[in-house]
Every structure is written in C-alpha cells, then in structure tokens.
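One structure is given below, encoded as structure tokens.
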Amino acid sequence: MNRLLLIFFFSLFFTSQTVLSQTEAPLLIAKDSVKSDKIDVLAPAKAAFYSALVPGLGQIYNKRYWKAPIIYAGLATSIYFYVDNNKKYQEFRNEYKDRLNGTSHYQDDDPYYGPLDNNRLIEGQKFYRRNRDLSAFITIGIYILNIVDANVDAHLMQFNVNENLTVRPDIYQNEINYKQNVGLTLNYQF
C-alpha cells in the first residue's frame with residue numbers, strides 16, 4: 001500500500017513539473033474544417049425560408065441549380081396524380097349518387113359505368129379516394145423534403161469536404177482463409 005502511495009506521489013510530482021514547463025511554449029491552434037473565416041449562420045435559415053416560400057428557391061440560393069428541376073418534377077407529378085384521382089373519385093361518386101336518386105344517364109348505354117353495379121362503384125370510390133389521399137401526402141412530403149434539403153445543404157456548404165477525409169469501399173483478401181472481404185475504409189490525411 002505504501003509503495004502505491006509513493007508511486008502515485010512521484011507520478012503526480014513529475015507530471016505537474018512537465019505541465020508547468022510546457023506553459024512557456026506557444027500553443028499551436030488546429031485549423032478548423034470550416035471553408036472560410038466568415039460564416040453566415042443565418043444561411044441555413046434563409047435557404048429553408050426561401051424553399052418554404054417557393055419550392056426550389058432554397059436550392060437555387062445554395063447554388064445547387066440541378067436540384068430545382070427534380071423538385072418541380074416531383075411536385076408536378078404528385079399534383080397531377082392528385083387531380084386525376086380526385087376527378088375519377090368525383091365521377092364514381094356522382095354516378096353512385098345518381099343511381100341512388102334514379103337519375104343516372106349512363107346505366108345501360110355507357111361502356112364504362114354501364115356494366116358496374118353499386119358495389120363496384122363504391123369500391124371505385126374507395127380506390128380513387130385512397131390514391132388521392134396518398135398523392136396529397138406525397139406532395140406534402142416532397143415539399144417538406146425540399147425545405148429540409150435546402151437547410152441541410154446550406155449547413156454542409158460551410159464545411160470543407162475534400163480528399164483528406166474519405167470513406168471508400170474496399171475489397172481485401174483475408175489472410176487466414178483467403179476469401180474476399182468487402183468493407184469500408186475511413187481515411188484521414190494530415
């Protein structure tokens with residue numbers, strides 16, 4: 001026990017001497033991975049606001065011009081399917097309501113609604129209503145992803161991404177059984 005206390009006090013004495021002796025040397029400050037000295041902390045908020053105001057404008061603000069057509073194509077496609085499914089839902093609904101009232105114009109003459117009975121009209125309404133609602137959720141999801149993408153992209157634009165820090169796929173041979181192994185390598189170069 002006494003030996004442990006003696007070793008502890010000697011190590012404490014020598015480490016305190018080395019710590020005190022190092023205060024005279026100038027400290028080296030590590031360079032951060034930020035691209036420039038001037039950081040606009042409001043840039044992510046501006047990009048998100050612009051994307052919320054007009055979809056794709058945040059990506060244009062971030063100078064990622066190629067993302068704006070993708071956003072517009074996604075929004076246009078989902079809005080198209082929403083309108084189309086809503087139109088077909090209304091047609092099935094109106095035909096069903098007309099049949100219940102006895103004022104249907106298409107009962108036997110129409111090749112589309114004529115062979116359908118009331119149960120099939122109800123199933124058609126459910127199908128198109130479900131697809132309409134799904135299209136609305138997809139439209140809202142694309143709009144929200146547009147805002148999140150602009151915000152995250154603006155955050156990541158402030159950091160230096162170069163070859164000094166890389167993650168690459170790697171295939172190497174196992175020395176024990178000589179089989180090929182697949183993995184990821186993380187490299188950091190000074």
Side-chain angles (χ1 to χ4, degrees), residues 33-35 39-161 165-171 180-186:
S33 64
V34 177
K35 281 186 179 178
I39 298 174
D40 185 12
V41 294
L42 294 178
K46 284 181 188 177
F49 175 73
Y50 291 155
S51 279
L53 195 61
V54 176
L57 192 60
Q59 283 74 15
I60 294 171
Y61 173 76
N62 290 334
K63 295 184 176 77
R64 304 280 192 222
Y65 303 110
W66 61 273
K67 290 183 180 183
I70 295 171
I71 291 169
Y72 287 127
L75 286 173
T77 303
S78 60
I79 289 171
Y80 167 77
F81 281 114
Y82 176 83
V83 169
D84 186 51
N85 286 317
N86 188 39
K87 180 180 142 193
K88 290 179 182 176
Y89 166 71
Q90 294 297 332
E91 288 175 1
F92 272 85
R93 184 171 174 247
N94 290 337
E95 176 61 25
Y96 179 68
K97 286 169 50 177
D98 288 344
R99 282 194 186 176
L100 289 179
N101 291 336
T103 60
S104 176
H105 302 291
Y106 304 113
Q107 193 121 23
D108 296 325
D109 299 341
D110 188 31
Y112 191 66
Y113 293 114
L116 298 178
D117 60 346
N118 288 346
N119 289 333
R120 299 237 184 213
L121 290 174
I122 292 172
E123 290 299 319
Q125 287 179 54
K126 288 180 184 178
F127 175 77
Y128 288 116
R129 182 178 54 219
R130 183 175 58 245
N131 286 344
R132 178 196 64 186
D133 295 344
L134 181 63
S135 297
F137 286 131
I138 290 172
T139 303
I140 293 169
I142 291 172
Y143 179 74
I144 290 172
L145 281 175
N146 159 52
I147 297 169
V148 170
D149 176 64
N151 190 353
V152 170
D153 200 21
H155 272 292
L156 292 179
M157 283 180 59
Q158 296 176 357
F159 291 97
N160 186 10
V161 180
L165 180 62
T166 58
V167 176
R168 294 185 182 140
D170 190 23
I171 299 175
Q180 297 291 329
N181 293 333
V182 178
L184 291 175
T185 61
L186 175 66

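Bear in mind the structure is a predicted one, so any value in this text is a computation, not a measurement. Residue indices begin at 1 and follow the sequence shown.
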For the student: nearest non-hydrogen atoms of Ser135 and Asn85, plus distance: OG-ND2, 3.7 Å
Euclidean distance, Asp153 CG relative to Lys63 NZ, rounded to 0.5 Å: 11.5 Å
Could you tell me the separation between the CG atom of Asn118 and the CD atom of Glu95, rounded to the nearest 0.5 Å? 9.0 Å
When rounded to the nearest 0.5 angstrom, what is the spacing between OG1 in Thr139 and CZ in Phe81? 11.0 Å
By salt bridge (Lys or Arg N to Asp or Glu O under 4.0 Å), which residues pair with Lys97, not counting sequence neighbours? none
So, does Asn151 use its side chain to make a donor-acceptor pair with the main chain of Ala48 at under 3.5 Å? no
Using every non-hydrogen atom in the two residues, find where Ala47 and Ala154 come nearest and quote the distance to one decimal. CB-CB, 4.0 Å
Identify the heavy atoms of Ile142 and Ile71 that sit nearest to each other, and give their distance. CG2-O, 4.3 Å
For Lys88, salt bridge (Lys or Arg N to Asp or Glu O under 4.0 Å) partners two or more places apart: Asp84
How long is the gap from CG on Leu57 to CG on Asn62, to the nearest 0.5 Å? 10.0 Å
Below 4.5 Å, heavy atoms only, C-beta onward: do Arg93 and Arg129 meet side chain to side chain? no
Suppose we screen for salt bridge (Lys or Arg N to Asp or Glu O under 4.0 Å). Which residues come up paired with Asp149, at least two apart in sequence or across chains? Lys67
May I have all residue pairs that pass ring-ring contact (aromatic ring centres under 6.0 Å, His included) and include part of residues 40-79, sequence neighbours excluded? Tyr50-Tyr61
Distance from Ile138 atom CD1 to Asn131 atom CG, nearest 0.5 Å? 9.0 Å
Residues two or more places apart in sequence or in another chain: which of them pass salt bridge (Lys or Arg N to Asp or Glu O under 4.0 Å) with Asp133? none
Looking at OG of Ser51 and CD1 of Ile144, how far apart are the two atoms once the value is rounded to the nearest 0.5 Å? 12.5 Å
Scan residues 120-151 for pairs that pass ring-ring contact (aromatic ring centres under 6.0 Å, His included), counting only residues two or more places apart or in two chains. Phe92-Tyr128
When every non-hydrogen atom of Gln59 is compared with those of Ala150, the smallest separation belongs to NE2-N, 3.5 Å
May I ask you to test the Lys87-Gln90 pair for a side-chain heavy-atom distance under 4.5 Å? no
